[in-house]
Amino acid sequence: MSIYAIFNNLPALLVVVPLLLSPIAALIPIGRLAWVVALVGSGVSVIVAILLCSVTASGIRITYFMGNWPPPWGIEFVVDSATSLTVMVMTTLAFLATLFAGRALSAEIAAKDVGKAYSAWLLACGGLYGLVMTADAFNLFVFLEISALASVILIALGAGRDRRALIAAYNYLVIGAVGATFYVIGVGFIYAVTGSLNMADLADRIPEVEAGSIVFIGFGFMVAGMLVKAAVFPVHIWLPAAYSYAPSAVSTLLAAIATKAAIYVLARIVFTIFGGVPEVTALALEWVVVPLSIAGIFGGTIMAIYERDLKKMLAFSSIAQIGYITLGIGIATGAGIAAGFIHIGNHALIKGGLFMAVGGIFLATGSRVSVMSMTGIGRKMPLTATAFLICGLSLIGLPLTAGFISKLYLVRALLDNDNLVIVGLVLASSALSVMYLWKIVEVMWVRPAPVDALEINERPALYIPLWIIAIANIWLGLDASWLVGAAEAAAASLLGAGG
Amino acid sequence: MTEMTPLMTPLMSGETGIVIGLLVPLLVGLLTPFLAVRSLWRDAAGPLGAVVTFVAALHVAGAVLAGETPRLHLLEFAEGLSFEFAVTPLGALFGLVASGLWIAAGLFSVGYMRGNHEKHQTRFAAFYAVAVHAALAIAWSGNLLVLFVFYEILTFSTFPLVTHKESRAARDAGRLYMSILVGTSVVLLLPAVIYVWVKTGTLDFVPGGILAGHVTPAALPWLLACFAFGIGKAALMPFHRWLPAAMVAPTPVSALLHAVAVVKAGVFTMLTVVVYVFGIDFLADNAGSDWLVWLASFTILASSFVAISKDDLKARLAYSTISQLSYIVLGAAIATSIAAQGAALHIVMHAAGKITLFFCAGAIYVRAHLTKISELDGQGREMPLVFIAFFLGALSIIGIPPLGGSWSKFYLMLGAMERDLLIVLFVLGLSSLLNIYYLLEPVQRAFFRAKVKQVEVASHPLTVIPPVATAILSVLLFFYVDLINGLAELVAG
Amino acid sequence: MMNEAPLAVILAENWNYLVVITLMMSGLFIVISRFNLVKKLVGLSIFQTSVFLFYISVGKVAGGTAPIITGDPDTLYSNPLPHVLILTAIVVGVATTALGLALVLRIHAAFGSIEEDEVLAMKAEDGLPRVRRILEQQGDRLGDRQEQAGVEGEAEK
């Protein structure tokens, strides 16, 4: 029956549906209709993700052969607990961002470009989902580039409001291309010594390779490439400009899902492909990933404290948060990886919410949102400002919010691993992050609004998805059992699947 | 219900008491913006809610006295951790203090805000109630996790109160307040809590402590240091600066901070951690808290000396609080049952005495807009009731019978003698002498000097009645100390 | 085995890798060091081409012919898989270069220059130089001071 055929092809659907809808959206002249197409695409993705989650929840590891070609000759999509968790987070946030974009995107770009914008939007989403699901090393590069090029287009769309978006998009293009090419070089080395591109197959073959230095070099290139994409310090330089000059809806989408996919791929490379040679990976994790994560955490937080432009401040904050995630993954224990995945989920919610709130304020006040321009906005736009506060409290890790759960599990994983110094550093940076966030809260509520400020109407289309996210932040702060369970299953499957 | 003290008729069980005691302040806080349609409703909601909450707290305390542990389980937070409330004797004590004094503070703040024509009264009343809710949740928390959660909520919910005036000074004070309290709690308290969780697998409060056998004796002083400095609300030096800075807030806020909620939550946490997480015997056997005895003693004396140098009345009271809080920390650090009992008693006695002093400061301000002690000359004739109340409150802090404060000081000295800490006796004695000087100076000036300033701005009876009431309470606590002692004795078993 | 052969022989045997390394480093250097946006893209293309050559040269089988099926069953083919991969990568490279050049056109239209240093100097939205930005920031602090003076004028509460 045809209905069952759909269920058998779920992994492919997740990529195919957005990809197919993308040219349709490009051809539609009416902006609203294009948005509906994008909404349908992201909505279908959410449903597929839920179905995939329900299958993997029972411990099944879905393998899907593209075109029915069996691996290692054909390209395979694999969905296990780690993948389904990441996909669930990504599709949900993409859907909420698409809801938000309905009004937000049309307000920031020319009407004739809206259809093409949603086309790129769908391409980016589809590319990212494929990136996460693929189990073929080269196919990963293809999806990486699909999502990267689509993201470049999306970022460049911000030129309507601020021409610096063009530079940001160009830099992202060049740096991203360099990173992706590094990854391809790495794959080339690995292919040269193993003759295979399938991840599971590589996991079996790599430990048997005698030329250990080539494996090491290949691993290094692959990781370096993904570090660029994941915006780990110090190759994060493309991120602040890209997130801050892009249209608000685009910042929301990218901040929530783009770097998460790259970090997930990083975890896959380290633990699945090279899972059989822990002596190689441990060196890189201990001496590169962990120190860079800590540097990123502090660097990002300190830059955020000194930043006046709100979106740039949030972008630097993202770099710090990405540092937490890669730190958790970098200590390579089950608890650490689980903590990293918990924060992948929570940070997508937090940052997505924050960027949405800033977008709402930006659209309402009509000018670039610097910290000083927001005086008294707490009273003018109470709904948006309160949601910002909730997501901000989650960012600094106030108990009863999602961010606290991430912090709790990360610190616990570090303490379990006896990394007392790193615990101190993590918590010190967390205390520092209160500084930049509280500055905003103070300006929003404690300072009175300027006398000549206009009355602002808050649009439901903008604050409803925002409040869904804010409530999710509190919900996950109270009952994180699903996320924690899924993250621990993800960690188990990552650590168990190698070799 | 087996035994009940004659005061209480069983209206509700201990569990119901917890629910009501937590819900009512929260509801008052959430509904205040809606009740603000009529200022009378908004102003009545606080004291009325306080009365209901106090009744609930009485029942909870009664259940604890009867030997039960009222418990309220909400949800499973993470593995091995549940979000639940479970009342210890110390928690019952603190709950009584917070809810009982809220009645007085609620009435006083109505009088103060009206007498001073303050702005943003609705926001003030709402966050006040939420802060009390957080304090009660801390009091009745069932494990360190719940305690930490509401500890942070208390910090954040008092921020709008501290920055109420919205002036530059208020903003700076707010920043200092947040940086010290959030900084210490995130960097020191949280890892200490998680460390306990990792090492013992639980965060529950158990008489005798949970650390014995899981933590090496060598790590004890360090862990205790993390807790002692992490609990910034206990104002242990050098993390005490937030307290004088917060004096920029209106006096009802100061009263709340110093007597009802914030600092009391701090020392309550300290005492709970020592008694129910570390365990008094485990600490004493391994000398894990000796360093804290010295630091607390130093804080007692140093802040007393600073208090002497302050002319601003509220600043002097702030440093007096820092000193008195270290009494409680000292009692915890001495690590004997008697000392812990003394510390628990002091939570009550100091709360009653200090709130009286702050109420008086507020009444003086409302009436005459005077803030400096040097300006108080001769004002005793204008405000005799206020200054008599101040006198009684001061005596309680100094520790002279027949005021309640003498009991807690007595038990603390007993505890020091038990461990042959004669220097501590000297510290306590010297501190009392210093207290006499700097707390009685305002009274002496008011009654025995000629008037310097002749100012009368406004007056409101609700600023005078509460201090008189709490002053009388301090006297009553001397004679009826058995009621409180019943709980205090149970603290350390 | 490798240790005994002289360096010149090793280099001669692996000349394809030398080409790859030369192109790779040249391309990367151009991307980093050149300010002209078009030149950066040229460097990127060179960089990517080196990777293509890497794959294909690795896939060459000694004595093998191009991996296109002839009728002869005894033909020795080079490894077809790298060729397939590189075809994909070439397409990706083309798309990247096209997008990059389109962006350069837009940048030129918006900024009037395609030299990176000149474009970066025009930081602000309306081309305000750096000095103006610093003054704006100081203006924020000025606003603070004015507000403080105003509040202290009120009665101390």
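In what follows, chains carry the letters A, B, and so on, assigned in the order in which the sequence lines appear, proteins first and then strands, with residues in each chain numbered from 1.
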Next on the checklist: How long is the straight-line distance from OG1 of C:Thr96 back to CG of A:Leu149, given to the nearest 0.5 Å?
Outcome noted: 4.5 Å
Next on the checklist: Are there over 12 heavy-atom neighbours, none belonging to A:Phe216, within less than 6.0 Å of that residue's CZ?
Outcome noted: no
Checklist entry - Using a cut-off of under 4.5 Å for heavy-atom pairs, which of C:Val51, C:Val31, C:Val58 has the most such pairs with chain A? => result C:Val51
Item to check | Evaluation steps, side chain to side chain contact (heavy atoms under 4.5 Å, CB included), between C:Glu116 and A:Asn171 | outcome: CA-CA 10 Å; C:Glu116 189 188 18; A:Asn171 278 329; 4.1 Å; yes
Checklist entry - If only atom types and distance count, is the side chain of A:Tyr170 paired as donor or acceptor with the main-chain N or O of C:Leu37 below 3.5 Å? => result yes
Item to check | Minimum heavy-atom distance between A:Arg163 and C:Ala110, given as atom pair plus value | outcome: NH1-O, 3.0 Å
Checklist entry - What part of A:Val174 gets closer than 4.5 Å to chain C, counting heavy atoms only: side chain, backbone, both or neither? => result both
Checklist entry - What part of C:Leu44 lies closer than 4.5 angstrom to a heavy atom of chain A: side chain, backbone, both or neither? => result side chain
Item to check | Audit row: C:Met24, A:Ile185, side chain to side chain contact (heavy atoms under 4.5 Å, CB included) steps and yes/no | outcome: CA-CA 10 Å; C:Met24 196 186 288; A:Ile185 297 174; 3.5 Å; yes
Checklist entry - Between A:Tyr191 and C:Phe54, does a ring-ring contact (aromatic ring centres under 6.0 Å, His included) hold up when you go through it step by step? => result CA-CA 11 Å; A:Tyr191 175 70; C:Phe54 174 53; over 10 Å; no
Item to check | Nearest non-hydrogen partners of C:Ala89 and A:Phe138, listed with the distance | outcome: CB-CZ, 4.1 Å
Next on the checklist: Tell me whether the count of non-hydrogen atoms from other residues, nucleotides or ligands lying under 6.0 Å of NZ in C:Lys39 goes above 12.
Outcome noted: no
Next on the checklist: Do C:Leu85 and A:Phe141 make a side-chain contact, defined as non-hydrogen atoms from C-beta onward lying under 4.5 Å apart?
Outcome noted: no
Checklist entry - Heavy-atom distance under 4.5 Å between the side chains of C:Val91 and A:Glu145, does that happen here? => result no
Item to check | Side chain, backbone, both or neither of C:Ala102 within contact of chain A (heavy atoms, under 4.5 Å) | outcome: neither
Next on the checklist: To the closest 0.5 Å, what do you measure between CG (A:Leu166) and CZ (C:Phe111)?
Outcome noted: 6.5 Å
Next on the checklist: Suppose a student defines contact as a heavy atom less than 4.5 Å from any heavy atom of chain A. Which residues in residues 65-84 of chain C would they list?
Outcome noted: C:Asn79, C:Leu81, C:Pro82
Next on the checklist: For A:Ile175, which atoms come within 4.5 Å of any heavy atom of chain C: side chain, backbone, both, or neither?
Outcome noted: neither
Item to check | Between A:Val187, A:Ile153, A:Val142, the one whose heavy-atom pairs under 4.5 Å with chain C are most numerous | outcome: A:Val187
Item to check | Per-residue contact mode, C:Leu28 against chain A (heavy atom under 4.5 angstrom) | outcome: side chain
Item to check | Residue part contacting chain A, namely of C:Thr88, when any heavy atom lies under 4.5 Å | outcome: side chain
Next on the checklist: Counting heavy-atom pairs under 4.5 Å with chain A, which one of C:Val20, C:Val104, C:Leu41 comes out on top?
Outcome noted: C:Leu41
Checklist entry - How many angstroms lie between CD in C:Gln48 and OG1 in A:Thr181, if you round to the nearest 0.5 Å? => result 4.5 Å
Checklist entry - Just wondering, more than 12 heavy atoms not from A:Met435 lying within 6.0 Å of its CE? => result no
Next on the checklist: A quick test of your reading: do over 12 heavy atoms of other residues, nucleotides or ligands sit less than 6.0 Å from CZ of C:Arg106?
Outcome noted: no
Checklist outcome for this item: Whatever's closer than 4.5 Å to a heavy atom in chain A on C:Ile107 counts as both
